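Accompanying notes for the structure given below.
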Amino acid sequence: MLECISEHACFGGVQGFYRHASSAIGLPMRFSVYQPPQAKAGPVPVLFYLAGLTCTEETFMIKAGAQRFAAQHGIMLVAPDTSARDTGIAGVADSWDFGNGAGFYLDAMQQPWSAHFRMESYIVHELRALILRDFPARPAHIGIFGHSMGGHGALVLALRHPDKFQSVSAFAPIAAPSQCPWGQKAFGLYLGPDSARWQQYDASALMAARTTPYPQGILIDQGLGDQFLQAQLLPHIFEAACAAANQPLTLRRHPGYDHGYYFISTFMEDHLAFHSRNLQR
């Protein structure tokens, strides 16, 4: 059963925060939804946002300033939490970049993580179905975007499930996680030592095995003042994979912008417009 934690009037629509018992995770999960004013008249396109390390289902809705543009374009926004919570797993809160708040949007294959860290199944199947059932959403008009770890998640889930997501973009994504410390730590613990498993959750590796999966294009914004750019994000590797796959990519590099929500909010309007063009077709 869906539990409403709170709802708030916002730009003519409704900003809500919700909780439900997740079968995919095996624990309660929280998520947020912004319903634009157009949803009062009927189903609207949906845009999933996946947040980064340490974030929750509240972070994007509070910090990004996206509701104004979602109301203009008539797009519903959905933001899940970033991991399972209250799992009781030893060491789950020991690191800021693994465990709590760091689910990496995959289905873990290693114990003890595989019992509850199943964010891919949760988002792609369970939460998507819940949104279509309980909110005025258009099933064939669903996009996905995200930031950092969530940018990685958006690219990977879009490439792994193109039938579920018709549009994809990202802010400062972890674009080649198999080749950076964040990804290597998470993949090693969640997926185990088999590098073939890692490739299935690496956007650059997935793109290298495809041909023009999103012909309408992919949008990525990256700040050149981002402290994680050189060691963790590696957008140039994804850029090369897109070129080899004949995938249209707009990778915008912005001098002076860092990794935070000041950067994200600056270019949020462009991302909502990008998804609106793709999802309103």
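In this chain, numbering begins with 1 at the start of the sequence shown. Just so we're clear, the structure is a prediction, and the values are computed from it rather than from any experiment.
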S22 side-chain N/O to I25 backbone N/O, donor-acceptor pair under 3.5 Å: yes

N/O donor-acceptor pair under 3.5 Å between S114 side chain and M109 backbone: no

Working to the nearest 0.5 angstrom, can you tell me the gap between D86 CG and H116 NE2? 10.5 Å

D163, CG atom: more than 12 neighbouring heavy atoms under 6.0 Å: yes

Which value, rounded to the nearest 0.5 Å, describes the distance between D226 atom CG and R253 atom CZ? 12.5 Å

Would you confirm whether the ring centroid of F171 sits within less than 6.0 angstrom of the ring centroid of Y49? no

Please name all residues satisfying side-chain hydrogen bond (donor to acceptor under 3.5 Å, both in side chains) with R68, sequence neighbours left out, ordered by chain then number. none

Rounded to the nearest 0.5 Å, how far apart are CG of D81 and CE of M119? 6.5 Å

Just by modelled atom types, is the G103 backbone N or O under 3.5 Å from a matching donor or acceptor in the W113 side chain? no

With a 4.0 Å cut-off, would you call R118 and E126 a salt bridge? no

Among F69, F145, Y214, exactly one meets ring pair (Phe, Tyr, Trp, His ring centres under 6.0 Å) together with H275. Which residue is that? F145

When rounded to the nearest 0.5 angstrom, what is the spacing between CG in L127 and OG in S121? 12.5 Å

How about H20 and Y122: are their ring centres within less than 6.0 Å of each other? yes

Main-chain N/O of E269 paired with Q72 side-chain donor or acceptor, under 3.5 Å: no

Verify the distance criterion only: is there a donor paired with an acceptor across the side chains of E120 and Y201 at less than 3.5 Å? yes

Do any N or O atoms from the side chain of R197 and from the backbone of G188 form a donor-acceptor pair under 3.5 angstrom? no

Find out whether the Lys NZ or Arg CZ of R160 is both under 6.0 angstrom from the six-membered ring centre of F165 and within 45° of the ring's axis. no

Whether the side chain of K40 engages the backbone of G13 through a donor-acceptor N/O pair (distance < 3.5 Å, no angle test) should be reported. no

Do other residues, nucleotides or ligands put more than 12 heavy atoms under 6.0 Å from the CZ atom of F98? yes

Parallel, tilted or perpendicular, judged at 30° and 60°: which one describes the rings of F228 and W182? tilted

Y190 side chain to G99 backbone, donor-acceptor under 3.5 Å: yes

Test item: D97 and K185 side chains (from C-beta on) under 4.5 Å apart, heavy atoms: yes

How about I75 and L272: do any of their side-chain heavy atoms sit closer than 4.5 Å? yes

Y18 side chain near S32 side chain, heavy-atom distance below 4.5 Å: no

More than 12 heavy atoms from other groups under 6.0 Å of NZ on K63: no

Atom pair CG (L2) and CD1 (I131), whose distance is rounded to the nearest 0.5 Å: 8.0 Å

Can you tell if the side chain of S148 reaches within under 4.5 Å of the side chain of Q232, non-hydrogen atoms only? no

Residues in side chain to side chain contact (heavy atoms under 4.5 Å, CB included) with I5, at least two apart? F17, R19, R30

Validation row: V78, V46 side chains within 4.5 angstrom (heavy atoms): yes

In terms of relative ring orientation, are H259 and H147 parallel, tilted or perpendicular, with 30° and 60° separating the classes? tilted

So, applying side chain to side chain donor-acceptor pair (under 3.5 Å) with Q15, which one of Q67, Q35, H8 is it? Q67

Once you round to the nearest 0.5 Å, how far does CG of D221 lie from OG1 of T266? 9.5 Å

H152 side chain vs F104 backbone, donor-acceptor pair below 3.5 Å: yes

Are there over 12 heavy-atom neighbours, none belonging to Q230, within less than 6.0 Å of that residue's CD? no

Does the plane of the ring in H254 sit parallel, tilted or perpendicular to the ring in F263? Use 30° and 60° as the thresholds. tilted

